Amino acid sequence: MQFFNKFDRFYTTSVTSPFPDRLNGRHAAIIARNSDQLAGKRILDIASHDGRWTFAALQAGAAHVTGIEPRQELIDNAIATFDQYGIDRSRYTFHCGDVFEHLQAQTYDVVLCLGFYYHTVRHAELLDRIERTGATFVIIDTEVIPPEGNAGSAASDDSRLVFNNPNSIQLLREPVDDQQMACSDSLTRNGHTLVGRPSRAAVEYLANHFGYTSQNYDWAAYFADHPEHSATMNDYHKGWRETFYLSRK
Ligand SMILES: C[S@@+](CC[C@H](N)C(=O)[O-])C[C@H]1O[C@@H](n2cnc3c(N)ncnc32)[C@H](O)[C@@H]1O
C-alpha cells in the first residue's frame, strides 16, 4: 500500500496540496529513494507544515526530527496526527517560528527543505546556515524557473503562475495570510513579503558554492511510469518544480 494511504489523516490536516497521488509521488522522491540516508539520522525539517515529512522520515527510521514551522495550527495538527499514529514524543521537536530565527548553531545529519526554497529571498543565507549544521545530505524540493515555452502571463494574479517575470531576478511578492506561502517577516508590507524563485542552475550554483554536489530526481521517468499522477503534480510534470539532492563528504 502506498505510504500516505496507510496514514490518511494527512489528507485532512492541510489545504496545501494534500492529494493522495501527489503526496505519494513526492514520497517516492523525498523518502523512499533516500531511506538509507535517513535511517538512524538526526534530521531538520524546514517548513514542516502539518508534519507530513517529519512523520515520513521518522517512519523511515530517523532517530530524531526537528521541525520548524511558523503556523502553530499546523504544528498542533502534526502533534495530534503523531499521537494518533503512536509516535513517541521523544523522537521529534517542533519549533514555531521563522527558520531564520530558529536555525542558529544546531547540528544535524540531514536537512529537508521541502516546498520552501521559493518562499524566501534569502537563498544563499539559508544554504549557508544549512551547511553550518554539518549536514552531509540535503533535499531541496522547490519550484524553479520554468522552461521556455511553458511561460504564462506576467499579468496573472497568482504569483506562482507569473512565468514571464519581467524582473530578471525572478522577484515575486507573496501573501503572508495563506498557509502554503511565506510567513510575515521584516520584509512584509501590505500583507505581502518578497520571495524569489530560483532557476535550476542557481540551486546547483549555490550548492556547489557551499561544498555540495547536486543530483536531481528523475521526474520524467516517474511520469513515464505513473502518467495518471501528472494531474495533481503539474508543477513537477511541466518542469517548474524540481527535487535536488545535495551531498558532501
Ligand atoms: C508550500 S508549504 C510546504 C509544506 C511541506 N514542507 C511540503 O513540502 O509539503 C510552505 C510551508 O512553509 C512554511 N513557512 C513559511 N515561511 C516560513 C519561514 N520563514 N520559516 C519556516 N517555515 C515557513 C509555511 O507555513 C508552510 O507550512
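Keep in mind that what you see is a predicted model, and the values were worked out from it rather than measured. Numbering of residues begins at 1 and proceeds along the displayed sequence. Atoms within each ligand, like the ligands themselves, are counted from 1 in listed order.
Every atom of ligand 1 with a heavy atom of Trp53 under 4.0 Å away is listed here by number and element: 7 (C), 8 (O), 9 (O). Listed by atom number, the atoms of ligand 1 under 4.0 Å from Asp98 heavy atoms are 18 (C), 19 (N), 20 (N). Heavy-atom contacts of Ala182 reach the following atoms of ligand 1: 15 (C), 16 (N) (cutoff under 4.0 Å). Near Arg71, meaning under 4.0 Å from one of its heavy atoms, ligand 1 places the atoms 24 (C), 25 (O). Listed by number with element, the atoms of ligand 1 under 4.0 Å from a non-hydrogen atom of Arg52 are 7 (C), 9 (O). Of all atoms in ligand 1, listed by their number and element, those nearer than 4.0 Å to a heavy atom of Gln179 are 24 (C), 25 (O), 26 (C), 27 (O). Counting the atoms of ligand 1 from 1 in the order shown, those under 4.0 Å from a heavy atom of Tyr118 are 1 (C).
Salt-bridge check for Asp235 with Arg241: passed, with a basic side-chain N closer than 4.0 Å to an acidic carboxylate O.
When only modelled atom types and interatomic distance are considered, Tyr117 and Asp141 share no side-chain donor-acceptor pair under 3.5 Å. Using modelled atom types and a 3.5 Å distance limit, the side chains of Thr66 and His95 yield no donor-acceptor pair. There is no side-chain donor-acceptor pair under 3.5 Å between His49 and Thr13.
Shortest non-hydrogen contact noted between Ala62 and Ile43 is CB-CD1, 3.6 Å. Closest approach of Gly51 to Phe10, counting heavy atoms only: C-CE2, 3.7 Å.
Atom CD of Glu125 has more than 12 heavy atoms from other residues, nucleotides or ligands within 6.0 Å.
Regarding atom 10 (C) of ligand 1, its nearest protein heavy-atom neighbour is Gly115 O, 3.4 Å. From the protein, the heavy atom lying nearest to atom 1 (C) of ligand 1 is Gln180 O, 3.3 Å. The protein heavy-atom contact nearest to atom 13 (C) of ligand 1 is Glu69 OE1, 3.6 Å. Regarding atom 16 (N) of ligand 1, its nearest protein heavy-atom neighbour is Cys183 N, 3.0 Å. Of the protein's non-hydrogen atoms, the one nearest atom 23 (C) of ligand 1 is Pro70 CD, 3.3 Å. The closest protein non-hydrogen atom to atom 17 (C) of ligand 1 is Phe116 CE1, 3.3 Å. Among all non-hydrogen protein atoms, the one lying nearest atom 11 (C) of ligand 1 is Ala47 CB, 3.7 Å. The single protein non-hydrogen atom nearest to atom 8 (O) of ligand 1 is Arg26 NH2, 2.7 Å, given as residue, atom name and distance.
Residue-to-ligand polar distances place His49 within reach of ligand 1: an N/O pair is separated by less than 3.5 Å.
Between Tyr92 and Trp53, the distance from one ring center to the other does not fall under 6.0 angstrom. No close placement of the Tyr205 and Phe210 rings is indicated, their centers lying 6.0 Å or farther apart.
Not a single donor-acceptor pair under 3.5 Å links the side chain of Glu242 to the backbone N or O of Tyr236. Side-chain N or O atoms of Ser199 include one that pairs as donor or acceptor with a backbone N or O of Ala202 at under 3.5 Å.
Using a 4.0 Å cut-off between heavy atoms, Met181 contacts ligand 1 through its backbone alone, with no side-chain atom that close.
The heavy atom nearest to atom 20 (N) of ligand 1, out of those in Asp45, Val99, Thr120, is found in Val99.
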